[in-house]
Amino acid sequence: WDPLGFSKDEASLFRRRVVELKHGRICMLATLGVFVQNSIHLPDPVFSNPRPIGALLQVFAERPIAIWQIILAIGAIELSIGKQDYENKAPGDLGSFGDFAKPSDPIEWEKVQLRELKNGRLAMMAIMGMLVQEGLTKQGPLEQFAV
């Protein structure tokens, strides 16, 4: 079912699959980071805010050069080692990284890949929900449970 015709062009569909997988992985890490951020902080007081949006705004206000360092580091990774090889690799293929955890059975490997995709989609919705909830209530996700 594709009423908007996204799957007509194979190259575009492949790129969308790569982007979806990458965003899912990022959102899984971000969702974990939101919960870790409530309890673990770097020793510098600028990193003491337990809320995601509040922490970002605090770092941007007190250390704007740190935001640019983060953006430049992400850009360097995306343009070098994190760049997807569209001709020779499957979506999200990181070479031999993580091969120790890869099942040898191809059917089991397909199940693992499907689980990763589904969990990534769930994480994309979860992090968006947590950020919207913080924007509306000015409380982090764990602060909401404490009430």
Side-chain angles (χ1 to χ4, degrees), residues 1-42 46-47 49-61 63-145:
W1 185 74
D2 187 16
L4 299 177
F6 288 131
S7 64
K8 289 182 182 174
D9 181 19
E10 279 295 318
S12 294
L13 183 63
F14 182 79
R15 181 166 178 356
R16 286 186 183 97
R17 176 71 188 266
V18 168
V19 169
E20 179 185 24
L21 190 57
K22 184 180 282 192
H23 286 153
R25 289 174 176 175
I26 290 168
C27 289
M28 285 187 273
L29 286 172
T31 302
L32 177 65
V34 166
F35 293 115
V36 170
Q37 181 180 356
N38 269 324
S39 56
I40 299 174
H41 303 285
L42 294 174
V46 77
F47 302 113
N49 197 322
R51 290 178 218 96
I53 296 173
L56 179 66
L57 294 176
Q58 182 178 349
V59 171
F60 189 72
R63 307 259 173 83
I65 195 76
I67 299 296
W68 291 110
Q69 288 173 337
I70 293 168
I71 291 170
L72 288 174
I74 291 170
I77 291 170
E78 287 292 319
L79 295 174
S80 61
I81 60 173
K83 189 171 180 145
Q84 174 72 39
D85 181 2
Y86 291 105
E87 284 80 32
N88 303 320
K89 291 188 178 181
D93 187 2
L94 300 174
S96 61
F97 180 77
D99 280 351
F100 66 92
K102 183 177 177 182
S104 57
D105 181 23
I107 294 171
E108 186 63 31
W109 177 237
E110 285 181 21
K111 289 179 183 177
V112 169
Q113 288 177 313
L114 182 61
R115 269 185 249 144
E116 179 185 21
L117 192 61
K118 288 181 176 183
N119 287 331
R121 290 172 179 166
L122 178 63
M124 285 187 259
M125 299 305 294
I127 192 67
M128 184 55 67
M130 286 188 270
L131 294 176
V132 167
Q133 170 255 324
E134 182 191 343
L136 293 174
T137 66
K138 305 295 186 244
Q139 293 179 323
L142 294 180
E143 290 174 302
Q144 287 286 320
F145 288 126

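Nearest heavy-atom pair across T31 and A126 is OG1-CB, 4.3 Å. Of all the heavy atoms in P103 and V112, the pair that sits closest is CG-CG2, 4.0 Å. The heavy-atom pair separating Q37 from A55 by the smallest distance is NE2-CB, 3.0 Å. The nearest pair of heavy atoms linking A66 to V59 is CB-CG1, 4.1 Å. For the residue pair M130 and P141, the shortest heavy atom distance occurs at SD-CG, 3.5 Å. For the pair I53 and G135, the tightest heavy-atom approach, listed with the atom from each and the gap, is CD1-N, 4.3 Å.
Rounding to the nearest 0.5 Å gives a distance of 10.0 Å between CG of L21 and CD1 of I26. Distance check: N49 CG to N38 CG gives 9.5 Å after rounding to the nearest 0.5 Å. With rounding to the nearest 0.5 Å, the separation of CZ in R51 from CG in L57 is 11.5 Å. For the atom pair CD1 of I127 and CE of M28, the computed distance is 12.5 Å after rounding to the nearest 0.5 Å. Of the inter-residue distances, the one linking K8 atom NZ with L13 atom CG reads 13.0 Å to the nearest 0.5 angstrom.
A heavy-atom distance below 4.5 Å is not found between the side chains of V34 and L142. Contact of the R15 side chain with the V18 side chain is not registered, since no non-hydrogen atoms from C-beta on lie closer than 4.5 Å. Side-chain contact between P52 and E134 is present, with at least one heavy-atom pair separated by less than 4.5 Å. L117 places a side-chain heavy atom less than 4.5 Å from the side chain of R17.
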Apply the test side-chain contact (heavy atoms from CB on, under 4.5 Å) to residues E116 and R25: give CA-CA distance (whole Å), side-chain angles for both, the deciding distance (0.1 Å), then the verdict. CA-CA 8 Å; E116 179 185 21; R25 289 174 176 175; 2.5 Å; yes
Full working for side-chain contact (heavy atoms from CB on, under 4.5 Å) between L114 and K118: CA-CA 6 Å; L114 182 61; K118 288 181 176 183; 3.9 Å; yes
Checking L56 against I67 for the side-chain contact (heavy atoms from CB on, under 4.5 Å) test, could you report, in this order, the C-alpha distance in whole Å, the side-chain angles of both residues, the deciding distance, and whether it holds? CA-CA 9 Å; L56 179 66; I67 299 296; 3.8 Å; yes
Step-by-step side-chain contact (heavy atoms from CB on, under 4.5 Å) determination, E20 to M124: CA-CA 10 Å; E20 179 185 24; M124 285 187 259; 4.1 Å; yes
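Put simply, the side chain of Q133 gets close to the backbone of Q139: a donor and an acceptor are under 3.5 Å apart. Side chain of Q58 to main chain of F47: no donor-acceptor pair is present (N/O by atom type, distance under 3.5 Å, no hydrogens or angles).
Around CZ of F14, the count of heavy atoms belonging to other residues, nucleotides or ligands within 6.0 Å exceeds 12. Heavy atoms of other residues, nucleotides or ligands lying less than 6.0 angstrom from CD1 of I107 number 12 at most. Within 6.0 Å of the CH2 atom in W68, the count of heavy atoms belonging to other residues, nucleotides or ligands does not exceed 12.
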